[in-house]
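Only one structure is covered here, and it is reproduced in the block below.
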Amino acid sequence: MMGTVDTSDSEKGFVMNQPTTPSMEMLDAEANKELDAGAKFVLKSKGSWLHCGYHLTTSIVGPVILTLPYSFTLLGWVGGVLWLTLAALTTFYSYNLLSVVLEHHAQLGHRQLRFRDMARDILGPGWAKYYVGPLQFLLCFGTVIGGPLVGGKSLKFIYQLYNPDGPMKLYQFIIICGVVTLILAQLPSFHSLRHLNLLSLILSVTYAACVTVGSIYIGHSKHAIPRHYSVKGSNADQLFGVFNGISIIATAYACGIIPEIQATVAPPVKGKMLKGLCVCYSVIGATFFGVAISGYWAFGNKASATILQNFFDQENNPLLPKWFFLMTNILILVQVMPMTAVYLQPTNEIFEATFGDPKFGQFSVRNVVPRVVLRSVSVAAATVLAAMLPFFADIMALFGAFGFIPLDFILPMVFFNLTFKPSKKSIMFWGNTLIAVASSILVVIGGIASIRAIVLDANTYHLFADR
């Protein structure tokens with residue numbers, strides 16, 4: 001179901017006969033003549049399918065997996081495992097559909113390198129300019145804000161392990177992580193992140209394994225708490241909790257930059273994204289399910305919003321050795337930096353396209369000066385916002401409902417149906433339509449649930465809060 005889609009007329013009957021196209025070398029040379037500075041410099045097409053797998057894994061697998069046991073407390077065993085599996089299958093299918101559409105246009109001699117390129121060519125320029133482009137920018141910049149925030153909290157935790165009464169505040173650690181992000185922001189292209197993203201893949205698997213083992217250990221130890229798996233709260237709380245849990249898991253699988261990742265692959269692109277997705281979802285299978293199931297098994301409906309909080313007792317005494325917390329938080333801290341750099345790329349590409357000049361070299365003074373200035377200013381702004389708004393995770397849940405779900409669950413189905421025009425009697429047409437409609441409903445309900453959570457927690461929000 002989720003392999004590369006066969007687009008032959010004889011078997012499917014809904015793809016137009018493709019015209020004879022020039023060689024890939026001629027197409028690549030012709031395309032380079034027309035590329036703006038953003039596509040030419042930031043989205044260099046030099047990578048392999050393995051590099052694509054690194055980028056995909058880094059963009060999806062991150063500290064958000066630590067929230068998965070909490071989502072199970074809202075959905076229960078059956079609902080949690082079912083939705084975690086269904087979301088994996090749906091997003092794999094969805095991302096593969098996007099890849100097939102991109103491959104189709106590349107074979108026709110018009111390779112699309114950005115999400116807004118797809119929207120412009122398939123839906124029209126208005127959709128690209130006023131919806132898809134701004135939406136993707138806000139999501140990516142929001143993730144860049146979240147990077148120094150998550151890193152700062154991990155760094156503060158490490159600091160307090162050895163200096164519990166130290167004077168440093170959370171915003172100071174966020175600024176430190178912002179400086180590291182600023183340095184990584186100067187890497188010239190998406191492709192230049194490939195080795196960092198391999199490191200990120202290794203780190204994410206490692207700390208997910210640590211959390212899984214830690215949960216199992218505590219669950220079998222004398223410190224194990226009585227476990228209950230019933231969903232708590234009133235009927236209204238349970239209903240909103242289900243929608244919130246669905247949104248948490250859907251956002252955990254979110255990417256939002258599939259076209260930009262595929263743009264890094266050297267031509268010919270056919271089949272490479274599918275291999276990269278297989279790499280990514282192999283890691284997802286090992287990390288998402290391991291953390292979610294072990295954490296919920298060990299702590300039941302008392303699983304916290306971040307599972308590491310359950311590794312302390314009611315008196316805030318650690319249930320595992322200090323070195324475990326040190327190692328796990330170092331792994332999270334280091335892994336979140338490449339993830340932040342990945343989501344900087346669409347922002348960097350926009351700056352480069354707007355202020356760069358493709359007629360000059362990538363490392364010419366004409367292009368280097370605006371590149372360094374604009375990237376530094378954007379990271380500095382994101383760091384200041386992260387320090388001001390340590391409750392930004394609640395806001396990102398709202399962004400996820402209104403942003404990631406349309407980009408990752410709805411638009412791929414629409415793009416495929418409009419590009420290949422499958423028969424309205426076919427399973428594929430109605431399957432894609434069903435996913436798009438169900439996801440649209442989820443956007444509305446998930447958005448309402450996220451707004452409700454923000455309202456309920458609003459009295460705890462303070463600028464530059466130390467938490």
Side-chain angles (χ1 to χ4, degrees), residues 21-22 24-49 51-56 58-59 95-125 127-129 131-137 139-140 187-194 197 255-274 276-277 341-359 362 367 371 407-408 411-412 415-416 418-419:
T21 58
M24 291 307 302
E25 292 77 7
M26 292 176 63
L27 290 175
D28 196 36
E30 185 65 27
N32 279 332
K33 294 179 182 178
E34 302 173 358
L35 292 179
D36 57 45
K40 185 176 181 181
F41 299 148
V42 178
L43 301 178
K44 287 183 175 180
S45 302
K46 291 186 174 181
S48 67
W49 64 267
H51 298 150
C52 180
Y54 302 160
H55 299 325
L56 284 165
T58 301
S59 69
Y95 297 155
N96 190 49
L97 285 192
L98 269 183
S99 174
V100 169
V101 173
L102 290 165
E103 290 175 0
H104 173 72
H105 285 278
Q107 290 172 346
L108 293 177
H110 181 59
R111 188 174 181 187
Q112 298 162 328
L113 302 176
R114 295 161 286 214
F115 226 128
R116 64 182 186 275
D117 293 343
M118 297 186 75
R120 180 197 63 218
D121 295 343
I122 299 172
L123 300 178
W127 284 91
K129 185 176 182 180
Y131 180 66
V132 174
L135 183 63
Q136 188 192 43
F137 178 85
L139 286 173
C140 290
L187 292 172
S189 67
F190 207 149
H191 181 64
S192 62
L193 296 175
R194 61 195 183 280
N197 289 344
C255 179
I257 53 174
I258 291 293
E260 287 77 8
I261 291 175
Q262 185 153 330
T264 67
V265 177
V269 297
K270 188 171 180 62
K272 292 181 179 178
M273 191 67 165
L274 178 59
L277 282 168
V342 163
Y343 280 96
L344 270 169
Q345 299 313 304
T347 307
N348 292 346
E349 184 275 322
I350 290 173
F351 288 147
E352 205 89 9
T354 306
F355 299 99
D357 190 337
K359 297 177 182 177
Q362 182 177 12
N367 287 319
R371 178 184 306 135
L407 291 180
D408 292 333
L411 286 178
F415 287 167
F416 186 90
L418 290 178
T419 298

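Every value quoted in this text rests on a predicted model; they were computed, and no experiment measured them.
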His191 and His51 aromatic ring geometry - parallel, tilted or perpendicular at 30°/60° bounds: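 His51 and His191: perpendicular rings.
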Mutual orientation of the aromatic rings belonging to Tyr131 and Trp127 [parallel < 30°, tilted 30-60°, perpendicular > 60°]: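 Aromatic pair Tyr131/Trp127 classed perpendicular.
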Give me the atom names and distance for the closest heavy-atom approach of [X] to [Y].
X	Y	result
Gly356	Ala37	C-CB, 3.7 Å
Ser99	Gln262	OG-OE1, 3.0 Å
Cys140	Tyr343	CB-O, 3.4 Å
Val269	Ala106	CG2-CB, 4.2 Å
Phe41	Ser189	O-CB, 3.2 Å
Ala39	Leu113	CB-CD1, 3.6 Å

Within the structure provided, determine whether [X] and [Y] are in side-chain contact (heavy-atom separation under 4.5 Å).
X	Y	result
Leu411	Ile122	no
Ile261	Phe190	yes
Val42	Glu260	no
Asp36	Glu349	yes
Leu193	Thr58	no

Find the distance between [atom1] ([X]) and [atom2] ([Y]) and round it off to the nearest 0.5 Å.
X	Y	atom1	atom2	answer
Arg111	Glu103	CZ	CD	9.5 Å
Arg116	Leu135	CZ	CG	13.0 Å
Phe415	His104	CZ	NE2	14.0 Å
Tyr54	Arg194	OH	CZ	10.5 Å
Ile258	Ser59	CD1	OG	6.0 Å
Leu102	Lys270	CG	NZ	12.5 Å

Listed partners of Gln345 passing side chain to side chain donor-acceptor pair (under 3.5 Å), at least two apart: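 Gln345 satisfies side chain to side chain donor-acceptor pair (under 3.5 Å) with no residue once adjacent residues are dropped.
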Would you say the side-chain atoms of [X] pair up with the backbone N or O of [Y], donor to acceptor, closer than 3.5 Å?
X	Y	result
Arg114	Leu43	no
Lys272	Ala266	yes
Tyr95	Cys255	yes

Pairing residues for Arg120 by the salt bridge (charged side-chain N to carboxylate O under 4.0 Å, His left out) criterion, not counting sequence neighbours: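 Arg120 satisfies salt bridge (charged side-chain N to carboxylate O under 4.0 Å, His left out) with Asp117 only.
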Asp121-His105 side chain donor-acceptor pair, cut-off 3.5 Å: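 Judged by distance alone, the side chains do not pair up.
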Candidates Ile350, Leu407, Thr347 - the one meeting side-chain contact (heavy atoms from CB on, under 4.5 Å) with Gln136: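 Of all the options given, the one that passes is Leu407.
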Check against side chain to side chain contact (heavy atoms under 4.5 Å, CB included), Leu98 and Phe115: CA-CA 10 Å; Leu98 269 183; Phe115 226 128; 4.0 Å; yes
